[in-house]
Participant: 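Handing you this structure, nothing more for now.
Lettering of chains follows the sequences in order, A, B, ..., and the numbering in each one begins at 1. The basis for the numbers below is simple: all heavy atoms, side chains too, and nothing from hydrogens, waters or symmetry mates.
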Number of protein chains: 2
Amino acid sequence: MNYTNSDVPSGKCSVCVLGQFCLPVGISPSDIAKIDTLVKERVHLQKGESLYRHGDPLSAVYSIRFGTLKTEYGLEDGRQQVIGFHLPGEILGLDGIGDGSYQSEAIALEESEVCIIRYEAFEDLARQIPELQKQFHRILSRELTQDQRHLLSLGSLRAEERLASFLLNLSQRLAARGYLNNEFDLRMSRVEIGSYLGIQIETVSRMLSRFAESGLIQIKQRHIKLIDVDGLYQLAGIQNPERTVQIKPCVS
Amino acid sequence: MNYTNSDVPSGKCSVCVLGQFCLPVGISPSDIAKIDTLVKERVHLQKGESLYRHGDPLSAVYSIRFGTLKTEYGLEDGRQQVIGFHLPGEILGLDGIGDGSYQSEAIALEESEVCIIRYEAFEDLARQIPELQKQFHRILSRELTQDQRHLLSLGSLRAEERLASFLLNLSQRLAARGYLNNEFDLRMSRVEIGSYLGIQIETVSRMLSRFAESGLIQIKQRHIKLIDVDGLYQLAGIQNPERTVQIKPCVS
DNA sequence: CGTCTTGTTGAGCGCGATCAATGACGGTGG
DNA sequence: CCACCGTCATTGATCGCGCTCAACAAGACG
């Protein structure tokens, strides 16, 4: 783990391109300057490095500047469950607030960098800036919703449907960040996808091949291209939200 | 749904026996008095009634005074996943904060009563009482941890293990509230347990019968008695936390 | 008492797990 | 540069846990 204490412009929230997805949503420039004083340090992680481990005392929460991380939750017997994959602008370490120590482990899937948000100081600042408090609550709440969708997937969907909704969820989140969303690289291995979806890697592989055969996607190793997005939505058991938006104006 | 606007003593947080599990943890009596002015209304629910539905605009979060509720998350095609079972002192409706409308539906499993916590006013108060803010964040964070355990269960455990850890989790939460924790009534149907655990009701039934045969539990309809708690922990793939506590002093 | 809902138990099947072999890269050293 | 190796992914063959379908039992309720 490589700590960087940086006062260069790119280290400040006020000029960070992720402002619209990260903590500073809906906050006035003068208040963002206050956040700048709070978020001064960053951590640089190589692929495979841990940001925090289960049981580490909570001192900070983290926002991803670039890169991808996974969080996983382990059993005494060694079995591990991947809980989430995390993209730039997302906040990590929130499960440490409850009991003062992280419950999961966060590991970089590629070279990544995260901003350190000292938690004590952050809570103080959130009390001073109502919009910051609101945004933090929104982030926590959306994290809950994301986990609930994940629970629905593991509890009620078949392997095929889980994989389809996983790909679509990833695509949506990439799109929200302005990345190319119908063609991207999977930063996680088949093992990690399988763990996340509660299925075996052979099943992941087979389903991806089947999707490709059906003309829903193209896949070469970890590079994936979504061809028939509507078809994927149909498979996932949910409607394409973009379609819903397109149709609404016509009926109302 | 039956609204009650009550100024009787029992309606106040300051005298509520749930204070130690609910919002007012770690808050001074004078500050609890402020919470009293916020939490004046309650809702009385009959079995089967909804507290809120998916899409309802968020106006409040709720704390359970008595009774049990389930939250579930639905798919367009009708499939539903039970996300959680909720006991007195727990906060409901947190998934509505993210986008201003509830993402799940909360339904009473028995006659229940919840306190209405107007959300706007609550956020204001949380800014004035640092300990209230801290406690709220702890509650949100623990909710995340609970969901993560649930994900581990659905993603990595076999049916038998899921059921064992479900029973133990319920038992722990009942114990924390001072209820009898080795003998209690399941407030939820087999269908609801099955949905929660991502297995079919026949499997729930069979596993319970098997547990009873093995002498781990006694069960008659919805009344359950845990006989061999350590055995259940072993089945669930986790260690009995009470044992860990007992052993620790010896080795250190 | 019959009816309806909820839970239990049995029999057979199928989805996805498991075991196994092969293929595709990427890195490393000769 | 290619040969070698380790890791990761794909594909096939077989197995088994849990699903599905079905019949029956036990309460709950009018």
Side-chain angles (χ1 to χ4, degrees), chain A residues 46-48 68 70 78-82 107 109-111 153-167 185-214 217-225 235-237, chain B residues 46-48 70 79-82 107 109-111 153-167 185-214 217-225 235-237:
Chain A
Q46 294 304 320
K47 181 175 174 173
T68 313
K70 67 172 173 181
R79 279 182 286 185
Q80 290 204 316
Q81 173 70 32
V82 172
I107 299 168
L109 294 179
E110 60 180 328
E111 188 180 357
S153 174
L154 297 196
S156 301
L157 302 189
R158 295 178 311 108
E160 198 179 49
E161 300 171 312
R162 293 185 203 181
L163 192 56
S165 58
F166 163 69
L167 293 176
D185 282 306
L186 298 169
R187 296 274 128 93
M188 61 294 285
S189 71
R190 300 291 193 268
V191 175
E192 286 156 344
I193 296 175
S195 171
Y196 179 79
L197 295 177
I199 56 186
Q200 293 306 110
I201 72 169
E202 295 93 331
T203 305
V204 174
S205 203
R206 264 184 262 272
M207 296 296 151
L208 284 175
S209 301
R210 191 191 294 177
F211 287 180
E213 270 178 55
S214 314
I217 64 170
Q218 280 172 16
I219 186 152
K220 196 187 175 191
Q221 296 295 115
R222 296 193 179 185
H223 189 80
I224 191 165
K225 193 170 174 179
L235 249 182
Chain B
Q46 295 303 322
K47 181 175 175 174
K70 67 172 173 180
R79 280 183 286 184
Q80 289 203 315
Q81 172 70 32
V82 172
I107 299 168
L109 294 179
E110 60 181 327
E111 189 181 357
S153 174
L154 297 197
S156 301
L157 302 188
R158 294 177 311 109
E160 197 179 51
E161 301 172 311
R162 292 184 203 180
L163 192 56
S165 56
F166 163 70
L167 293 176
D185 282 308
L186 297 170
R187 296 275 126 96
M188 61 294 288
S189 70
R190 301 290 193 268
V191 175
E192 286 155 345
I193 296 175
S195 170
Y196 179 78
L197 295 176
I199 56 186
Q200 293 307 111
I201 70 171
E202 294 93 333
T203 306
V204 174
S205 202
R206 265 184 262 271
M207 297 294 151
L208 285 174
S209 301
R210 191 193 293 176
F211 287 180
E213 271 178 54
S214 314
I217 64 170
Q218 281 172 15
I219 185 150
K220 195 187 175 192
Q221 297 295 115
R222 295 192 179 186
H223 188 81
I224 191 164
K225 192 170 175 180
L235 250 182

Participant: Take atom CE of A:M188 and atom C1' of D:dA9, then tell me their distance rounded to the nearest Å.
Facilitator: 16 Å
Participant: Name all residues meeting the side-chain contact (heavy atoms from CB on, under 4.5 Å) criterion together with B:S156; count only those two or more places apart in sequence or in a different chain, and write none if there are none.
Facilitator: A:Q81, B:L152
Participant: Please report the distance, rounded to the nearest Å, between CD in A:E161 and C1' in C:dC15.
Facilitator: 12 Å
Participant: Within the distance-only criterion (no hydrogens, no angle test), does the side chain of A:T68 pair as donor or acceptor with the backbone N or O of A:L109 below 3.5 angstrom?
Facilitator: no
Participant: As an exercise, state the distance from OH of A:Y196 to CG of A:L163, rounded to the nearest 0.5 Å.
Facilitator: 11.5 Å
Participant: Check the distance between D:dT7's P and A:E192's CD and give it to me in whole angstrom.
Facilitator: 15 Å
Participant: Can any side-chain N or O of A:R162 pair as donor or acceptor with the backbone N or O of A:L157 at less than 3.5 Å?
Facilitator: yes
Participant: Rounded to whole Å, how long is the line connecting atom NZ of A:K47 with atom C1' of C:dG27?
Facilitator: 13 Å
Participant: Is there a side-chain contact between B:L235 and B:F211 in this structure, where contact means two heavy atoms from C-beta onward sitting under 4.5 Å apart?
Facilitator: yes
Participant: Could you tell me how far apart A:I193 (CD1) and D:dA9 (C1') are, to the nearest whole angstrom?
Facilitator: 11 Å
Participant: Step by step, would you call A:L167 with A:L208 a side-chain contact (heavy atoms from CB on, under 4.5 Å)?
Facilitator: CA-CA 10 Å; A:L167 293 176; A:L208 284 175; 4.3 Å; yes
Participant: Protein within reach of the bases, or only the backbone? For nucleotides 11-27 of chain D, mark each nucleotide 5' to 3' as B, S or -, using heavy atoms under 4.0 Å.
Facilitator: BBB----SSBB------
Participant: From CZ of B:F211 over to C1' of C:dT8, roughly how many Å is that when rounded to an integer?
Facilitator: 16 Å
Participant: Is there a donor-acceptor contact under 3.5 Å from the side chain of A:S209 to the main chain of A:S205?
Facilitator: yes
Participant: Taking atom P of C:dG16 as reference, at what distance in whole Å does atom CG of A:L163 sit?
Facilitator: 11 Å
Participant: Give the dot-bracket line for DNA chain D from 5' end to 3' end: parentheses for intra-strand Watson-Crick or G-U pairs under 3.5 Å, square brackets for crossings, | for inter-strand pairing, dots for unpaired.
Facilitator: ||||||||||||||||||||||||||||||
Participant: Output the rounded distance in Å from CG (A:L109) to P (D:dC8).
Facilitator: 12 Å
Participant: Look up atom CZ in B:R222 and atom OG in B:S189, then write down how far apart they are to the nearest 0.5 Å.
Facilitator: 5.5 Å
Participant: Assess the residue pair B:K70 and B:M188 against the criterion (side-chain contact (heavy atoms from CB on, under 4.5 Å)); give the C-alpha distance rounded to whole Å, side-chain angles, the decisive distance to 0.1 Å, and a yes or no.
Facilitator: CA-CA 8 Å; B:K70 67 172 173 180; B:M188 61 294 288; over 6 Å; no
